[in-house]
Structures are given as C-alpha cells and as structure tokens.
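All residue numbers refer to positions in the sequence shown, counting from 1. In this text, all values refer to a predicted model and were calculated from it rather than measured experimentally.
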Amino acid sequence: MRELVPPTAHLHRSWLEAHAEWNPGARQAGAGIGLAEREALAIPEVFASWVGRLREQADPDRALGEGRVHATHWWIVEDGAYVGAIDLRHRLNDFLLRAAGHVGYSVRPSARRRGHATWALGAILPEARALGMDRVLVTCDEDNIASARAIERNGGVLEDIRITEIGRKRRYWITL
C-alpha cells in the first residue's frame, strides 16, 4: 500500500537505505536535505532533529531563515518502506519562481518507473488548494522525461524551458 506520511524518525533505517542508493552529494528534490547535517543523519538523534525541522517548516507562525519559505513535507511510503519525498512550498520567492517552483519531489532509484511521483504529485494538489493556491508551479530538469510526464499527467502545462542557476528547467503550471 502506498501512502504519504509526515516525516518520521520511525523510518530512519528505511530512509538511510534509500539515501544510500543516491550518488554522494546528489540533490534529492523535495527531501529537505538542505536542512540537515547530511553526514550525521545516520545518528538517530540527529535524524530525529532533522525530521523535527522538516515538520516545523509547515508552521506559518514559525520564523524561517533568510530566503526560505514555509513548506509542508511528506514522505512517500510503500508497504512501510520509504521510497521518496515530496514537498509543497506555501509561496514562491524569486528563486522558486525562476527555478524550483512550489513542488519538489524525488524517488529513490530502485523505486522509479512505478508511478510514485505521478501519484504523490496528484495527492498533494488538494493540499495546495487548501492553502488558497489556484495554481502551482512545478519544474524539472529539461532532460528528465519521466518527471515531465508525471507533471503533465497531473495537468501541467509547459510555460517555458529556461536556464536557471540550478540548470535548464522545464517550468509547468498546474491549475487547481
């Protein structure tokens, strides 16, 4: 069974197994790795602290660091195992408008091509509506055809392809 769950320290072992599948230093969109002490996440207390920071990002009353926006994070779980992450940024700053969008997601390499990204993106769109959004911006690398299809299957309309500070990006809008 597939589900979206808030980040939880209970999935520590499963998350570490998934993380080990990625190339060192790889960008795991939507996972909130930038809020972590990446090298120390194997330590349960460090992992639990990071999970807490992920969950706190959704609180609109909580002050965030410079350049950050509030975001809700979920983990994609199948049969009790971590397979990926997705986040919904509550608003766009200049960088997000240019390059990264409202939504970021990633699926562990061994779980790709099974529809997880398409499903997760569709599952969070009602959450975006509940936050008062009437459309969301979702981007992907220009050559990531699988991600482009996931976005298009959820109603994404390509606005443009542009060079950004994080590479060439396809920029799609999904009307809610």
Side-chain angles (χ1 to χ4, degrees), residues 2-7 18 22 25-36 50 53-77 82-109 111-176:
R2 186 165 37 191
E3 59 186 327
L4 288 180
V5 302
W22 294 80
R27 186 172 174 275
Q28 290 174 245
I33 295 288
L35 298 173
W50 172 61
R53 284 192 300 280
L54 291 177
R55 294 175 76 124
E56 289 169 352
Q57 269 205 306
D59 182 353
D61 297 325
R62 191 161 196 87
L64 301 176
E66 180 71 28
R68 297 219 172 264
V69 300
H70 289 96
T72 305
H73 295 266
W74 294 273
W75 287 353
I76 307 164
V77 175
Y82 174 96
V83 296
I86 189 164
D87 71 352
L88 173 63
R89 298 159 193 130
H90 299 183
R91 68 175 182 82
L92 297 175
N93 60 22
D94 289 338
F95 166 74
L96 295 173
L97 180 60
R98 279 190 317 274
H102 286 102
V103 179
Y105 55 84
S106 57
V107 174
R108 70 190 288 177
R112 292 180 183 162
R113 293 178 172 55
R114 299 199 324 234
H116 294 300
T118 301
W119 173 83
L121 179 55
I124 69 155
L125 294 177
E127 301 293 337
R129 259 192 299 292
L131 287 170
M133 297 178 201
D134 58 358
R135 65 185 191 150
V136 294
L137 176 63
V138 188
T139 72
C140 66
D141 290 344
E142 181 183 26
D143 61 353
N144 189 340
I145 302 307
S147 189
R149 286 190 182 130
I151 298 165
E152 291 165 358
R153 286 184 180 125
N154 278 287
V157 176
L158 182 66
E159 179 180 65
D160 62 17
I161 299 171
R162 63 175 69 168
I163 298 171
T164 74
E165 54 267 56
I166 57 173
R168 288 184 62 86
K169 295 292 180 180
R170 291 175 176 265
R171 297 175 67 255
Y172 291 88
W173 289 96
I174 299 175
T175 301
L176 304 175

Looking at side-chain heavy atoms only, is the closest gap between V69 and L92 below 4.5 Å?
no
Looking at A71 and H90, what are the two nearest heavy atoms and their distance?
C-NE2, 3.6 Å
Reported NE2-to-CG distance for the pair H102 and L96, which is rounded to 0.5 angstrom
8.0 Å
Geometric cation-pi criterion, R112 with W22: 6.0 Å, 45°:
yes
Between the side chain of R170 and the main-chain N/O of E142, is any donor-acceptor distance below 3.5 Å?
yes
With a 3.5 Å cut-off and sequence neighbours excluded, list the donor-acceptor pairs that the side chains of residues 119-134 form with protein atoms.
none

State, with a plain yes or no, whether a side-chain heavy atom of P7 is found less than 4.5 Å away from one of W50.
no
Which heavy atom in K169 sits nearest to a heavy atom in T164, and how many Å separate them?
CG-OG1, 3.7 Å
Mind checking salt bridge (Lys or Arg N to Asp or Glu O under 4.0 Å) for D59 and listing every partner two or more places apart, or none if nothing turns up?
none
Value rounded to 0.5 Å, distance of CZ in F95 from CD in E165
5.5 Å
Mind checking the CD1-OG1 spacing from I151 to T139? Nearest 0.5 Å is all I need.
7.0 Å
Residue pair V107 / A117: nearest heavy atoms and the distance that separates them
CG2-N, 4.1 Å
Value rounded to 0.5 Å, distance of CG in L64 from CD in Q57
6.0 Å
Could you measure the distance from the CZ atom of R149 to the CG atom of N144? Nearest 0.5 Å is fine.
10.5 Å
Taking N154 for its side chain and T118 for its backbone only, find out whether a donor-acceptor pair lies under 3.5 Å.
yes
Classify the angle between the aromatic ring planes of W75 and Y82 as parallel (below 30°), tilted (30 to 60°) or perpendicular (above 60°).
perpendicular
Does some side-chain heavy atom of R2 sit less than 4.5 Å from a side-chain heavy atom of V77?
no
Kindly write out the residues that satisfy side chain to side chain contact (heavy atoms under 4.5 Å, CB included) with R135, not counting sequence neighbours, or none if the list is empty.
W173
Within the supplied structure, the quantity of interest is the number of heavy atoms (other residues, nucleotides, ligands) at a distance under 6.0 Å from I163 CD1; does it exceed 12?
no
Residues passing the salt bridge (Lys or Arg N to Asp or Glu O under 4.0 Å) test with E152, sequence neighbours excluded, are none
Donor-acceptor contact below 3.5 Å, side chain H70 vs main chain R62:
yes
Residues which pass salt bridge (Lys or Arg N to Asp or Glu O under 4.0 Å) with R153, listed by chain and number, not counting sequence neighbours:
none
Rounded to the nearest 0.5 Å, what separation is found between the CD1 atom of I76 and the CD1 atom of I86?
6.0 Å
Considering residues at least two apart in sequence or located in another chain, which fulfil the salt bridge (Lys or Arg N to Asp or Glu O under 4.0 Å) criterion with R171?
E159, D160
